Each structure stands twice: as C-alpha cells, then as structure tokens.
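First up is the structure itself, then whatever we jot down about it.
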Amino acid sequence: QVQLVESGGGLVQAGGSLRLSCAASGGTFSSNGMTWFRQAPGKEREFVAAINWSGSRTLYADSVKGRFTISRDNVKNTVYLQMNSLKPEDTAVYYCAGHWGGVVRIITGGMDFWGKGTQVTVSS
C-alpha cells in the first residue's frame, strides 16, 4: 500500500512562491509516474503537472506552464512542485497522486494512489 503525504502549502501573496513536497512510502516510488492535481472550491479536480518515473519527461497544464516546475528525487522518494509567480486563481487544495506505470499521466481516473492534499491560498 503506497502512502503519499503532501506538505508545503500555506498562505502567500500574489507573485510569491511556494514549494510543495509529496513524500511516498510503502511502494517502489522510482517506478511510478507522479502527478499533481488541484481542486478549488466548487470546481472539478484538475491536472496541474506530471512527471515520468525517471524525471526525463514532464507535462504541465497551460495555466501553470512557465510558472510551476515538477521534479522528483528517487532517493528521497519525494516529488516536488515549485510554484512561482503565484496568482489568486492558483488557490486550491493541491493533491499528489501516482500510478504503477512509469509514464506521464494526466487524468484523475488513471491514478492508483492519492495523498490527502495540502491547501494553497494566494491573496491578492
């Protein structure tokens, strides 16, 4: 059973930065594709960024491209989301998710395990 624990969320002013971390345990992290999603109040959960097993391939939602960076450390069993130039519309609960395949995946239905989320609030 893979467990994911997100951290690093908080309150930040528009234009600021945060780095989210997602620590994995109980599985073979280095073979899993990992994805960040987010869900704002009253909205559907949406794809943010994804990374393949080795970190050689990444994919971003258009809304965060150029501002967010996903990365991973397979020694520390952790995936990161560096968020720069934050906007109020980035306010959401951010979820880390993973799947047993090693490729990039962007749909919620394609995930095998999820974290509980971390709140990010960007004030204007």
Side-chain angles (χ1 to χ4, degrees):
Q1 184 83 10
V2 177
Q3 292 188 327
L4 301 176
V5 179
E6 302 96 335
S7 61
L11 173 64
V12 64
Q13 287 190 330
S17 298
L18 283 174
R19 188 175 84 151
L20 305 184
S21 299
C22 172
S25 61
T28 310
F29 177 79
S30 60
S31 63
N32 301 141
M34 300 296 296
T35 305
W36 286 97
F37 295 88
R38 66 186 181 187
Q39 188 167 17
K43 294 190 176 181
E44 301 262 328
R45 194 168 296 190
E46 66 175 4
F47 162 72
V48 176
I51 191 166
N52 72 339
W53 68 276
S54 67
S56 64
R57 182 157 188 237
T58 58
L59 194 64
Y60 297 92
D62 286 344
S63 59
V64 307
K65 204 173 292 183
R67 300 188 298 122
F68 290 11
T69 303
I70 189 171
S71 61
R72 67 189 296 156
D73 184 332
N74 285 346
V75 174
K76 295 182 178 179
N77 288 354
T78 302
V79 62
Y80 304 97
L81 186 68
Q82 178 66 44
M83 305 186 296
N84 298 329
S85 302
L86 282 161
K87 304 175 181 179
E89 51 263 45
D90 294 318
T91 294
V93 177
Y94 283 71
Y95 296 91
C96 172
H99 64 90
W100 299 117
V103 299
V104 165
R105 232 174 246 182
I106 67 171
I107 58 172
T108 57
M111 301 297 117
D112 295 308
F113 36 88
W114 291 83
K116 293 184 178 181
T118 185
Q119 176 71 47
V120 171
T121 303
V122 184
S123 63
S124 56

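Just so we're clear, the structure is a prediction, and the values are computed from it rather than from any experiment.
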Do the non-hydrogen side-chain atoms of [X] and [Y] ever get within less than 4.5 Å of each other?
X: F29; Y: M34; answer: yes
X: E6; Y: Y95; answer: yes
X: T58; Y: V104; answer: no
X: Y60; Y: V48; answer: no
X: L59; Y: I106; answer: yes
X: M83; Y: L81; answer: yes
X: V93; Y: T118; answer: no

Practice prompt. Assess whether side chain to side chain contact (heavy atoms under 4.5 Å, CB included) is satisfied between Q119 and T121, documenting all intermediate values.
Written response: CA-CA 6 Å; Q119 176 71 47; T121 303; 3.3 Å; yes
Establish whether [X] and [Y] are linked, either directly or via other cluster members, by ILVMFWY side-chain heavy-atom contacts under 4.5 Å.
X: V103; Y: F113; result: no
X: M111; Y: I107; result: yes
X: I51; Y: V64; result: yes
X: I70; Y: L86; result: yes
X: V122; Y: Y94; result: yes

Separation between [atom1] of [X] and [atom2] of [Y], rounded to the nearest 0.5 Å:
X: C96; Y: W114; atom1: SG; atom2: CH2; value: 9.5 Å
X: E44; Y: Q39; atom1: CD; atom2: CD; value: 7.5 Å
X: S63; Y: E89; atom1: OG; atom2: CD; value: 9.0 Å
X: K76; Y: S21; atom1: NZ; atom2: OG; value: 9.0 Å
X: Q82; Y: L18; atom1: CD; atom2: CG; value: 8.5 Å
X: N74; Y: S31; atom1: CG; atom2: OG; value: 9.0 Å

Worksheet item: Mind checking whether F47 and F37 have parallel, tilted or perpendicular rings, split at 30° and 60°?
Response: perpendicular
Quick check: closest heavy atoms across [X] and [Y], and the distance to 0.1 Å?
X: A24; Y: L4; result: CB-CD2, 3.6 Å
X: T35; Y: A50; result: OG1-CB, 3.6 Å
X: A14; Y: S124; result: CB-CA, 4.3 Å

Discussion item. Whether R19 engages the ring of Y80 as a cation-pi pair (distance to the six-membered ring centre under 6.0 angstrom, angle to the ring normal within 45°) should be assessed.
Written reply: yes
Discussion item. Side chain to side chain contact (heavy atoms under 4.5 Å, CB included), that's the test. Do L20 and V120 meet it? Break it down for me.
Written reply: CA-CA 9 Å; L20 305 184; V120 171; 4.0 Å; yes
Discussion item. Can you tell whether the side chains of E46 and R38 come within less than 4.0 Å, N to carboxylate O?
Written reply: yes
Discussion item. Any salt bridge linking K87 with D90? Criterion: basic side-chain nitrogen under 4.0 Å from a carboxylate oxygen.
Written reply: no
Practice prompt. Report yes or no: do S17 and N84 form a side-chain donor-acceptor pair below 3.5 Å?
Written response: yes
Practice prompt. Examine the side chains of N32 and T28 and answer whether a donor and an acceptor come within less than 3.5 Å of each other.
Written response: no
Discussion item. Whether the side chain of N77 engages the backbone of S25 through a donor-acceptor N/O pair (distance < 3.5 Å, no angle test) should be reported.
Written reply: no
Discussion item. Check whether R72 reaches the backbone of W53 with its side chain - one donor and one acceptor, N or O, closer than 3.5 Å.
Written reply: yes
